[in-house]
Structure formats: C-alpha cells, structure tokens
Number of protein chains: 2
Amino acid sequence: MTANIYPASSPETQISHLFAIIGQPVRIQILAIIGNEPACVCHLEAVLGLRQASISQHLMVLRKANLVTAQREGRNIFYRLVQPGVLAVIEQAAVFAGMTPGALSALALRPVAGCPCPQCNPGIDPELSCNTLSSSKSS
Amino acid sequence: MTANIYPASSPETQISHLFAIIGQPVRIQILAIIGNEPACVCHLEAVLGLRQASISQHLMVLRKANLVTAQREGRNIFYRLVQPGVLAVIEQAAVFAGMTPGALSALALRPVAGCPCPQCNPGIDPELSCNTLSSSKSS
DNA sequence: GGTATATATTCGCAGTCACGAATATATTAT
DNA sequence: ATAATATATTCGTGACTGCGAATATATACC
C-alpha cells in the first residue's frame with residue numbers, strides 16, 4: 001500500500017479525493033515547502049502569510065489524508081511528507097500547465113524573508129520566537 | 001502554451017485549478033472514456049448511469065477549462081480531449097494511489113452493456129436512437 | 001413548415017468548504 | 001505552580017458546487 005487516501009472506493013473516487021485535497025493553492029504550497037525540507041507551522045505561517053489557524057486547518061486535512069505527518073521537536077511541531085510521491089503528481093500537473101519542471105521547487109523558496117522559525121535562524125535568541133518576530137515584522 | 005486552465009495566476013493557483021476540475025469522480029471517468037476514443041453524450045450517459053443534464057454540466061466545466069472540445073457529427077455531439085496530457089496527470093495520481101498503470105484505461109471500458117450510441121451500434125436502425133434504447137433498457 | 005431527437009442552459013437547493021474569530025491544549029521556561 | 005509559547009480545535013458564516021427539475025436550443029427527419 002503506497003497511498004491511503006480513501007480505501008474501499010472505486011478507483012476514480014480514490015483519485016478524485018486526492019485531487020480534491022490538493023486542489024487548493026495553499027495546500028500545494030505546503031506540500032512543496034515541506035517536500036523540500038520539514039517545516040514547522042510558524043515557518044509556513046511566515047512563508048504563506050496566512051493566519052495560524054488557517055494553516056493548521058489545512059494541515060489537518062493533509063494529515064487525515066495521510067499526506068503529511070507531524071512530529072514535535074522542542075517547542076515546534078515539524079511537518080514532513082509521508083509519501084513524497086505526491087510531489088510527482090503535482091509536478092506532472094505543473095508540466096501539463098506548461099511550467100518548467102523546476103517551478104514546483106520554486107514554490108518552496110519564496111518569501112522567506114522574515115521567517116522566525118528556529119530552522120531559519122539557528123543561533124537566534126530563544127526570546128525571539130515565532131510569535132515575537134511575526135508581530136514585530138508586521139509593526 | 002500547452003494548458004490554458006487559468007492564465008495570469010500564480011503557479012500553485014493554476015495547478016490547484018486543474019486539480020479542482022478533475023477532483024471529481026465523474027469528470028475523471030469522462031476524461032478516461034473520451035481519452036480512449038471520442039464519445040457522444042448519450043454514450044457517457046449510458047456508461048456512467050447519470051442524467052443527461054448532469055453530464056452536460058460536467059462537460060461544460062471541462063470545456064471551460066479547455067480540457068475537452070465538442071464536435072457535432074450527425075445527430076450527436078462528440079467530445080474529445082484537447083490535451084491528452086491530462087491523462088498523464090490522472091495516471092500519475094493512480095500510480096500514487098497504488099493502482100496499476102493500466103487501471104486508468106480500465107475506467108473507459110466498464111459497463112458499456114446497453115450503450116445506444118451509434119458508435120457502439122454502427123448498423124443499428126436509426127429509429128433506435130439514444131433515448132429510445134435508454135428508456136427500453138430501464139424497462 | 002412541423003416534430004422528434006440530442007444536447008445545453010437555467011434555477012433552486014442542499015451539502016461542503018475555507019476562512020476569521022475565539023478558545024483549548026500541550027509543552028517550555030521561570 | 002504560573003506564565004508564555006506553539007499549535008490544535010471549534011464555531012459561525014459566506015461562498016462555492018453538484019445535482020435534479022425544468023426549460024431552451026439546435027439539428028435531423030418527415
């Protein structure tokens with residue numbers, strides 16, 4: 001068993017469920033980002049510019065579909081791909097849409113300017129955590 | 001330009017739009033069927049077991065996305081794929097879902113038992129047209 | 001011309017979904 | 001224990017969507 005989207009369904013239903021789940025720009029971005037390397041929620045928050053709750057909701061959808069998995073590391077919870085093959089599906093769609101094959105990975109490297117997560121700022125003062133930097137960035 | 005789903009959008013929006021369009025079992029079936037060979041609406045009606053209006057609605061979505069095109073031949077209107085590459089996207093998803101690569105083409109060859117379209121029944125009496133056979137099949 | 005056939009379109013509705021807001025939970029630091 | 005931090009969950013709402021029903025359009029046949 002490779003993918004566990006929706007077992008015990010017709011093939012077209014299984015496939016369409018996958019498409020319905022990744023048929024949302026934010027979720028494609030999330031998959032591209034954490035496909036590049038595991039990321040915490042605050043990293044996604046900084047990169048995508050969305051509210052934390054919204055991202056958590058999308059992550060919940062991806063979790064229930066067994067596309068991503070969560071793992072706590074210190075204060076943060078890092079998400080990673082369960083099945084990297086999902087990127088091949090997205091990449092195939094990117095090619096179909098006339099994009100260069102590298103356009104997908106470019107999604108993962110966009111506006112990481114003021115990202116506060118400990119992965120982006122390894123030796124940073126722990127006082128300056130995600131929320132601190134996020135609020136100071138918007139001020 | 002290969003695919004014209006939604007120009008002038010971010011890459012992830014374009015890709016997600018494609019996924020949203022094919023994120024529906026019926027539409028995947030339609031694409032698989034007419035990807036095999038062009039089919040008229042009544043053929044889809046017989047194979048899918050859906051109402052005519054519903055199929056026309058799905059076809060309208062696929063038409064607006066420039067995935068299928070319509071062409072009249074006699075009484076019937078035959079649909080065919082504009083960009084067969086969309087099947088590669090679906091196939092990639094099928095592989096991801098753990099199906100065999102041939103599972104996609106199997107969608108096109110399912111319950112064609114009582115299909116009334118002139119393509120399925122070449123030398124049939126023109127009196128026995130789509131609606132006639134459809135109603136007689138359900139009686 | 002009129003009639004039947006094949007398909008398209010419109011309308012109304014129920015279901016789903018994404019988002020914002022608010023709140024809850026879990027972990028860390030003091 | 002208390003407070004702060006990082007993330008999750010719930011709730012309400014507006015928007016979208018798929019379907020059935022009804023109707024409209026276009027072509028073919030007489």
Side-chain angles (χ1 to χ4, degrees), chain A residues 13 16-17 19-30 39-46 48-65 68-79 115-119 124-135, chain B residues 13 16-17 19-30 39-46 48-65 68-79 115-119 124-135:
Chain A
T13 300
S16 65
H17 258 294
F19 286 148
I21 288 169
I22 61 179
Q24 181 95 183
V26 180
R27 296 206 273 264
I28 289 180
Q29 286 183 283
I30 291 177
C40 63
V41 178
C42 67
H43 179 81
L44 298 173
E45 194 179 347
L48 301 178
L50 293 180
R51 315 246 166 183
Q52 175 262 322
S54 182
I55 292 176
S56 267
Q57 287 167 352
H58 286 295
L59 288 172
M60 178 168 47
V61 174
L62 296 173
R63 244 185 301 136
K64 287 184 177 174
V68 306
T69 185
Q71 182 178 0
R72 176 176 290 270
E73 294 183 18
R75 294 196 188 199
N76 307 303
I77 294 183
F78 280 77
Y79 279 83
C115 175
C117 82
Q119 215 173 31
I124 205 173
D125 190 339
E127 297 257 346
L128 301 175
S129 57
C130 283
N131 282 345
T132 315
L133 275 181
S134 294
S135 53
Chain B
T13 301
S16 65
H17 257 294
F19 287 148
I21 289 169
I22 60 180
Q24 181 95 184
V26 180
R27 295 206 274 264
I28 289 180
Q29 287 184 282
I30 290 176
C40 62
V41 179
C42 68
H43 179 82
L44 298 173
E45 193 180 347
L48 301 177
L50 294 179
R51 312 244 169 186
Q52 175 263 322
S54 182
I55 292 177
S56 267
Q57 287 166 352
H58 287 295
L59 289 172
M60 179 168 44
V61 174
L62 296 173
R63 245 185 300 136
K64 286 184 178 175
V68 305
T69 186
Q71 183 179 358
R72 175 176 289 272
E73 295 184 16
R75 293 197 188 198
N76 308 303
I77 294 183
F78 280 77
Y79 279 83
C115 175
C117 81
Q119 215 173 31
I124 205 172
D125 190 338
E127 296 258 346
L128 300 175
S129 56
C130 284
N131 282 346
T132 315
L133 275 181
S134 295
S135 52

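As a basis for the values below, the full set of heavy atoms in this structure was taken, side chains included, without hydrogen atoms, waters or symmetry mates. Quick note on labels: first sequence line is chain A, next is B, and so on, each numbered from 1.
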Classify the nucleic acid contact of A:Ser56 as base, sugar-phosphate or nothing, counting any heavy atom under 4.0 Å across all strands shown. base
State whether B:His58 places a side-chain N or O below 4.0 Å from either non-bridging phosphate oxygen (OP1 or OP2) of D:dC19. yes
Decide yes or no for B:His58 and B:Val26: does some side-chain heavy atom of the first lie under 4.5 Å from some side-chain heavy atom of the second? yes
Proximity to the side chain of B:Asn76 - top-ranked nucleotide from D:dT27, C:dT7, D:dA6: C:dT7
Spacing between B:Ile55 atom CD1 and D:dA21 atom C1', to the nearest angstrom: 16 Å
What nucleic acid atoms does A:Ala70 come within less than 4.0 Å of, heavy atoms only: base, sugar-phosphate, or nothing? nothing
From CA spacing to verdict: side-chain contact (heavy atoms from CB on, under 4.5 Å), B:Gln71, B:Tyr79: CA-CA 6 Å; B:Gln71 183 179 358; B:Tyr79 279 83; over 6 Å; no
What nucleotide, of D:dA21, D:dA8, D:dT9, holds the atom closest to the side chain of B:Arg51? D:dA21
Between B:Arg63 and C:dT9, is there a side-chain N or O to OP1/OP2 distance below 4.0 Å? yes
Nearest-Å distance, NE2 (A:His43) to P (D:dT5)? 21 Å
How about A:His17 and A:Thr13: do any of their side-chain heavy atoms sit closer than 4.5 Å? yes
When the distance from CG of B:Leu50 to P of D:dA21 is rounded to whole Å, what number comes out? 13 Å
Counting side-chain heavy atoms from C-beta on, which of D:dC29, C:dA18, D:dT9 comes nearest to B:Arg75? D:dC29
May I ask you to evaluate whether B:Ser54 reaches the phosphate of D:dG18, defined as a side-chain N or O under 4.0 Å from OP1 or OP2? no
In whole angstrom, give the distance that lies between atom CD1 of B:Ile22 and atom P of D:dG18. 13 Å
Atom-pair distance (CD1 on B:Ile30; P on C:dT7), nearest Å: 13 Å
Using whole Å, what does the distance between atom P of nucleotide D:dA6 and atom CD1 of A:Ile77 come to? 12 Å
Of the candidates D:dC19, C:dT7, D:dT9, the side chain of B:Cys42 sits closest to C:dT7
Can you tell me which nucleotide in C:dT9, C:dA22, D:dA6 comes closest to the side chain of B:Gln57? C:dT9
How close or far is atom C1' of D:dG18 from atom CD1 of B:Ile21, stated in whole angstroms? 15 Å
Taking C-beta and beyond as the side chain, do A:Leu50 and A:Glu45 meet within less than 4.5 Å on heavy atoms? no
Separation of atom CD in B:Gln52 from atom P in D:dC19, rounded to whole Å: 14 Å
Given side chains that start at C-beta, do those of A:Thr69 and A:Arg63 come closer than 4.5 Å, heavy atoms only? no
Touch class at under 4.0 angstrom, heavy-atom based, for A:Gln24 against every strand present: sugar-phosphate
For D:dA28, take OP1 and OP2 only and decide whether either is under 4.0 Å from a side-chain N or O of B:Arg72. no
